[in-house]
Peer 1: 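Just passing along the structure, written as structure tokens.
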Amino acid sequence: MRLTRYFGKTLRQAPSDADTISHQLLVRAGYIQQLAAGSYQFLPLGWRMQQKISDIIREEMDAAGALEVSMPVIQPREIWEQSGRAETFIPPLAGFQDRRGREMVVAPTHEEAVTTMVKANVNSYRDLPVNLYQIQTKFRDEPRPRAGLLRTREFMMKDAYSFDATQESLDNSYDLMVKAYINIFTRCGLEVAIVEADSGGIGGKDSQEFILLAENGEDVVLLCENGDYGANVEKAEFVKQPNPEESPLEMEEIATPGIKTIDELAKSLGIPTNKTAKAVFYTVGGEVIVVTIRGDLDVNEVKLRNILGGVEPRFSTPKEVANSNLVPGSASAVGLDGIRSIVDDSLTLGSNFVAGANKEGFHIKNVNFPRDFKGDIVADIAKATAGDVCPRDGGIFHDARGIEVGHVFKLGTIYSKDFDANFLDETGESHPIIMGCYGLGVSRLVGGIVEAHHDENGMTLPAAIAPYLVYLASLNVDDEGVREAADGLYAELTNAGLDVLYDDRDEKPGVKFKDADLIGIPVRVVVSRRGLNNGQIELKLRTDREATLVPTAEVRDAVKVMLGR
RNA sequence: CGGGAUGUAGCGCAGUCUGGUUAGCGCACCGGUCUGGGGGACCGGAGGUCACAGGUUCGAAUCCUGUCAUCCCGACCA
């Protein structure tokens, strides 16, 4: 494609509202343009890059036996009511009424739709397994879109759904997808960490995320130093260090005037924080509950939500706390009646804790669980952090930020039951179909790849996903010899099956070099009067410092070698 | 939802505090001359509902009120 006929232009400065590097470079290089918060238009360069990624995804999904379909973005709200997610999906569904007054939603994901599709087409175990996927627009009304393409409201996603007759078959379908994802990310030039994850609003049991490690990432993951375990911080399990054994002593009230926090409490008593019990108040569906955890640990709200049956807990307001007769700073579950108590299992790993006395300015020594307070639920609800101990092999966790680029789930039968999507087994017995689902953020990958592949001058895109393979720059367009040579190379390289972006503009060399670097095309070919006088053309990989000179006749083969073709 | 910041040409900004020519500058854009290997120089142009609405005033980009938009931080352990 000739740049004189192209659409979109490069910017010397990025818009002031772009602050992550991928956002800045994608806008400056003319790949994308913002329309509204979390809503981007793809210019030709950006769209081509996204299409290259989509092509890779299609190849790998097809190779794994999945079949491409397409489902509506606008869906009747009914099916969301049927699954029970109409009210519970976070962020809340966006939608509108059609002209007949029927409630429609803009789909944030497609479990409901695909389940109805499969229900109509699968009756027997002979029809299974099957895996359906699509690459298509999603809309989620995110409370805070940010970081360019890394978190948008409208985005492109590849979503796949597997349907199996048995758990073993689901395991196989799931493994096939994990392998396909590894292939996809590898081909995109990315190294991703596969970590255990919470399944969140989608539902299901086993779930893993593919995390592209990057400083601008929103997710925090914990990785064992031995490489055998990695998990999103929302999910991570760890070995809680037990306190030294002591025999339980009698409770004793002590005055602690002015002490409000665990740190102050531990300091004033000269004890470690793990000798204290911390009480935290949450409101769950209008009910205030008290959550008790050892003072050196913090509550993981995702774990808490899961043991509460999936209802989102929220920090209680001061008013709710007061109405429940709880005393902030001196609260505990000791002696509390009529209020639900959730206890982290860390409190079983020690004795004689210091806890609040539920009286302003007082605490109680030698509190022991379950002797001194009840726990309606005792479970692991603690948040792991860097330095904690891996549950698999005792290794130490380190933490890292990353971008969630893929997420796979074993759903089980939650949706097939909602929609009566059943099959008959060999004995004629009816069962709900066992499902899995597999998401991959395509437009997010565009941003993620730039986060991973750039330098101070612009993008350094891998050939597999670059919008063009060759940036052909003619330095002296008013020189007939140069123009003929450049035109000839353009034709030759294009005919050889290489995507060429031909900079035939009447611009200074510096401008062309700057743009070539910014746009990030893997190979740069320069035709100039100077080189031509020696019968030579200049070739350079975007990621190399120095260029090499080759005779005109050898350019095509040399470029192919550089691209590994 | 809460907190903070910002809205002036396609992009980056000054001007606002202290109201008063025709609202400026850099980049980009159009015409021209020179130049020609890392965003070059000069000459001449075009481009603005100063986010929007209302108010104060002889006079508002500037002061007041409201609205909208965009970005950042927080969604947290009493």
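This one's a predicted model, so the numbers in the text were calculated from it and none came from an experiment. Keep in mind that the numbers below use all heavy atoms, side chains included, and drop hydrogens, waters and symmetry copies. Chain A is the first sequence line, chain B the second, and so forth, proteins listed ahead of strands; every chain is numbered from 1.
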Peer 1: With a 3.5 Å cut-off and heavy atoms only, can you find an N or O donor on one side and an acceptor on the other between the side chain of A:E538 and the base of B:rG37?
Peer 2: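 Result: at least one qualifying N/O pair found.
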Peer 1: Quick one: A:D506 CG to B:rG37 C1', roughly how many Å, whole number?
Peer 2: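 Rounding to the nearest Å, CG of A:D506 and C1' of B:rG37 are 15 Å apart.
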Peer 1: Evaluate the criterion side chain to side chain donor-acceptor pair (under 3.5 Å) for residue pair A:D455 and A:T460; output intermediate values, then yes/no.
Peer 2: CA-CA 7 Å; A:D455 63 17; A:T460 55; 5.7 Å; no
Peer 1: Set out, line by line, the N/O atom pairs under 3.5 Å between protein and nucleotides 45-53 of chain B.
Peer 2:
none

Peer 1: Is A:R12 near enough to B:rG26 that one of its side-chain N or O atoms lies under 4.0 angstrom from OP1 or OP2?
Peer 2: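 Looking at the OP1 and OP2 atoms of B:rG26, neither is under 4.0 Å from any side-chain N or O of A:R12.
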Peer 1: Between B:rC52 and B:rG37, how far apart are the two P atoms, rounded to whole Å?
Peer 2: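 About 46 Å, rounded to a whole number of Å.
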Peer 1: By nearest heavy atom, map A:R505 and A:I293 onto RNA chain B; which one lands nearer the 5' end?
Peer 2: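 Closer to the 5' end of RNA chain B: A:R505.
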Peer 1: Taking atom CD of A:E456 as the centre, report whether more than 12 heavy atoms of other residues, nucleotides or ligands fall under 6.0 Å from it.
Peer 2: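 Correct, the count exceeds 12.
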Peer 1: Please set out all donor-acceptor pairs under 3.5 angstrom arising from side-chain atoms of residues 32-48 of chain A, sequence neighbours excluded.
Peer 2:
| residue | atom | partner | partner atom | Å |
| --- | --- | --- | --- | --- |
| A:Q34 | NE2 | A:A36 | O | 3.1 |
| A:Y40 | OH | A:H23 | NE2 | 3.2 |
| A:R48 | NE | A:P467 | O | 2.8 |
| A:R48 | NH2 | A:P467 | O | 3.2 |
| A:R48 | NH2 | A:D499 | OD2 | 3.2 |

Peer 1: Does A:E451 use its side chain to pair, donor to acceptor, with the backbone of A:S22 at less than 3.5 Å?
Peer 2: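 Confirmed, A:E451 side chain pairs with A:S22 backbone.
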Peer 1: Does a side-chain N or O of A:Q34 approach OP1 or OP2 of B:rC71 to a distance below 4.0 Å, or not?
Peer 2: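 For B:rC71, OP1 or OP2 has a side-chain N or O of A:Q34 closer than 4.0 Å.
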Peer 1: Does B:rU6 pair with anything, Watson-Crick or G-U wobble, both distances under 3.5 Å, and if so, with which nucleotide?
Peer 2: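 Pairing partner: B:rA69.
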Peer 1: Looking across every strand, which nucleic acid part, if any, lies under 4.0 Å from A:D478 by heavy atom: base, sugar-phosphate, or nothing?
Peer 2: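 Base contact - A:D478 has a heavy atom under 4.0 Å of at least one base atom.
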Peer 1: Go through the N and O atoms of the side chain of A:D517 and the base of B:rG38, and report whether any donor-acceptor pair is under 3.5 Å.
Peer 2: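 Such a pair is found, so the answer is yes.
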Peer 1: Counting just side-chain N and O atoms, does A:R28 come under 4.0 Å of either OP1 or OP2 of B:rC11?
Peer 2: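 A:R28 to B:rC11 OP1/OP2: no side-chain N or O under 4.0 Å.
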Peer 1: What about A:S16: does its side chain form a donor-acceptor pair under 3.5 Å with the base of B:rG12?
Peer 2: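 Check fails, no donor-acceptor contact within cut-off.
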Peer 1: Return the set of residues passing ring pair (Phe, Tyr, Trp, His ring centres under 6.0 Å) with A:Y490 (not counting sequence neighbours), or none when no residue passes.
Peer 2: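 Listed in chain order: A:Y502.
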Peer 1: For A:R529 and for A:T20, find the nucleotide of RNA chain B with the closest heavy atom, then tell me which residue's nucleotide is more 5'.
Peer 2: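 The answer here is A:R529.
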